[in-house]
Structures are given as C-alpha cells and as structure tokens.
Amino acid sequence: MEVGQMQRRLVDYTKSLFMEGFLDAQFLQLQQLQDESNPDFVVEVVSLFFDDSEKLLNDLTMALDQPNVDFKKVDAHVHQLKGSSSSIGAQRVKNACIAFRSFCEEHNIDATLRCLQQVKQEYYLVKNKLETMLRLEQQIVAAGGSIPMIELGFWRTINMKGGKE
C-alpha cells in the first residue's frame with residue numbers, strides 16, 4: 001500500500017474513533033504536543049496509560065474480591081483511572097468510571113462488580129483501537145511518510161452534529 005493510501009486510512013480510522021465516542025478532544029490536544037524534538041510522545045503517554053490502567057484494573061478486581069469491600073479504596077482506584085482516561089481522551093472509559101464511582105458511593109457491591117466489567121470492556125476496546133492506530137502510524141513512518149494530523153476543528157464539527165464530549 002502506498003503512503004498516501006495509508007495516511008488516508010489512518011485519518012479515516014482516527015476519525016471513526018471520535019465518531020464512535022472512543023476518543024475526545026483531549027486526545028487531539030495530546031497529539032499536538034508531539035513534535036520533532038519528541039516524536040514518540042503520544043506512544044509514550046498511551047503506553048503509560050496502558051500500564052497504569054492494567055495495574056488499576058487488577059487493584060480494583062482484588063479490592064472488590066474481598067469479604068469486606070473497602071469502598072473508599074475502590075473509589076480511589078476508580079477516581080485515578082477516570083483521571084488517566086480523561087487525560088488521554090479515552091472518553092468511554094472515563095464515562096464508565098463516572099457511573100462506577102456513583103455505585104461506590106452507594107456501597108452497592110453488585111452494581112460495582114457490573115461496572116468493573118463495563119470499565120474493563122471499555123478499556124480493552126480502546127486499548128485495541130489505540131494499538132491499531134499506533135501500528136498504522138508506524139507503518140506510515142516506516143514507509144517514509146509523515147503522520148497526518150486531525151485538527152481540533154474536526155472535534156467542534158462532531159459536537160455541532162450531536163456528538164458528545
């Protein structure tokens with residue numbers, strides 16, 4: 001596949017992640033921080049997000065598996081996951097964490113266990129999508145091309161058409 005086709009494929013794929021609510025404008029802002037002096041910035045930040053999220057999901061699983069659940073501890077883990085999801089623009093993970101936190105406040109074990117499954121599902125979906133996007137970027141660079149940027153104006157257009165932020 002030639003570079004121009006790969007670039008169009010990347011742009012279309014990335015736009016679909018916004019249209020489907022996986023990512024929000026925060027991810028575009030993250031991409032704008034990447035430049036020639038730090039060409040791997042987004043990959044590094046996303047990799048840190050993956051590492052932190054995996055640890056938090058394991059911590060949440062163990063905390064909810066205790067005979068006496070410490071809901072303050074669970075809420076602290078969910079709050080941290082919500083923050084890191086928000087910081088990279090993982091919108092659906094962030095939204096699942098918001099629902100999760102409300103059930104922590106209610107000390108509702110059944111609902112928190114369901115929310116944990118929902119958060120895990122959203123996390124693994126966005127992880128898969130981001131890994132695919134980053135692979136496409138690597139293929140473009142390996143073929144001698146540059147990564148096309150999606151402008152913030154694209155996000156404003158989505159929101160005007162009824163997308164969510």
Side-chain angles (χ1 to χ4, degrees), residues 10 13-141 147 149-150 152 154-155 158 163-165:
L10 175 63
Y13 185 77
T14 305
K15 284 182 178 180
S16 76
L17 298 181
F18 290 94
M19 300 297 284
E20 295 170 24
F22 286 104
L23 299 176
D24 64 23
Q26 184 62 36
F27 189 79
L28 293 175
Q29 292 175 349
L30 187 68
Q31 286 183 313
Q32 291 179 342
L33 295 174
Q34 183 166 291
D35 58 21
E36 298 82 34
S37 66
N38 196 354
D40 296 325
F41 179 74
V42 173
V43 171
E44 290 168 6
V45 171
V46 169
S47 294
L48 287 171
F49 168 69
F50 291 161
D51 293 343
D52 290 347
S53 297
E54 299 277 344
K55 181 189 178 314
L56 287 167
L57 289 170
N58 286 333
D59 291 348
L60 280 166
T61 301
M62 290 191 317
L64 286 170
D65 198 33
Q66 300 302 310
N68 294 314
V69 174
D70 180 349
F71 283 98
K72 274 192 167 187
K73 187 177 188 179
V74 171
D75 185 61
H77 292 316
V78 176
H79 181 70
Q80 193 174 349
L81 183 58
K82 177 182 163 250
S84 60
S85 300
S86 183
S87 71
I88 72 146
Q91 181 174 260
R92 285 171 44 169
V93 176
K94 176 190 75 176
N95 291 342
C97 287
I98 292 168
F100 198 152
R101 290 194 73 201
S102 69
F103 290 118
C104 285
E105 291 170 12
E106 296 172 12
H107 293 211
N108 184 331
I109 187 67
D110 292 332
T112 54
L113 287 169
R114 283 192 307 275
C115 282
L116 175 60
Q117 294 311 310
Q118 182 66 34
V119 167
K120 283 182 177 181
Q121 179 180 341
E122 293 299 343
Y123 166 72
Y124 287 114
L125 278 169
V126 80
K127 181 180 183 192
N128 180 274
K129 303 280 185 182
L130 287 170
E131 286 173 338
T132 298
M133 185 187 73
L134 295 173
R135 265 194 311 277
L136 287 169
E137 288 182 358
Q138 288 172 341
Q139 290 169 0
I140 291 168
V141 171
I147 306 302
M149 297 303 292
I150 296 176
L152 280 172
F154 165 75
W155 180 249
I158 291 175
K164 328 173 227 183
E165 183 166 12

Pair Ile109-Phe71, side-chain contact (heavy atoms from CB on, under 4.5 Å): steps then yes or no: CA-CA 9 Å; Ile109 187 67; Phe71 283 98; 4.3 Å; yes
What I'd like to find out is whether the side chain of Val78 reaches to under 4.5 Å of the side chain of Leu56, using heavy atoms alone. no
On a heavy-atom basis, the closest approach of Lys94 and Lys82 is CG-CG, 4.0 Å
In terms of heavy-atom contacts, Leu136 and Leu10 come closest through CB-CD1, 3.9 Å
Under 3.5 Å, is there a donor-acceptor pair between the Thr61 and Lys120 side chains? yes
Looking at every heavy atom in both Phe18 and Ala25, which two are closest together, and how far apart are they? CE2-N, 4.4 Å
Can you see which heavy atom on Ile88 is nearest to which on Phe27, and at what distance? O-CD1, 3.2 Å
Nearest heavy-atom pair of Cys97 and Val119: which atoms, and what distance? N-CG2, 4.0 Å
Between Glu20 and Arg92, is there a side-chain N and carboxylate O pair less than 4.0 Å apart? no
Residues Lys55, Asp59; criterion salt bridge (Lys or Arg N to Asp or Glu O under 4.0 Å); working and verdict: CA-CA 6 Å; Lys55 181 189 178 314; Asp59 291 348; 2.7 Å; yes
Do Val74 and Phe100 have side-chain heavy atoms sitting under 4.5 Å apart? yes
Parallel, tilted or perpendicular for Tyr123 and Phe50, by the 30°/60° rule? perpendicular
Quick check against the 3.5 Å criterion: does Gln66 have a side-chain atom that pairs as donor or acceptor with the backbone of Met62? yes
Answer yes or no: is there a side-chain heavy-atom contact under 4.5 Å between Asn95 and Val93? no
Hey, are Glu122 and Gln118 close enough side-chain-wise for a donor-acceptor pair under 3.5 Å? yes
Please report the shortest heavy-atom distance between Phe41 and Gln34, naming the atom on each side. N-OE1, 3.3 Å
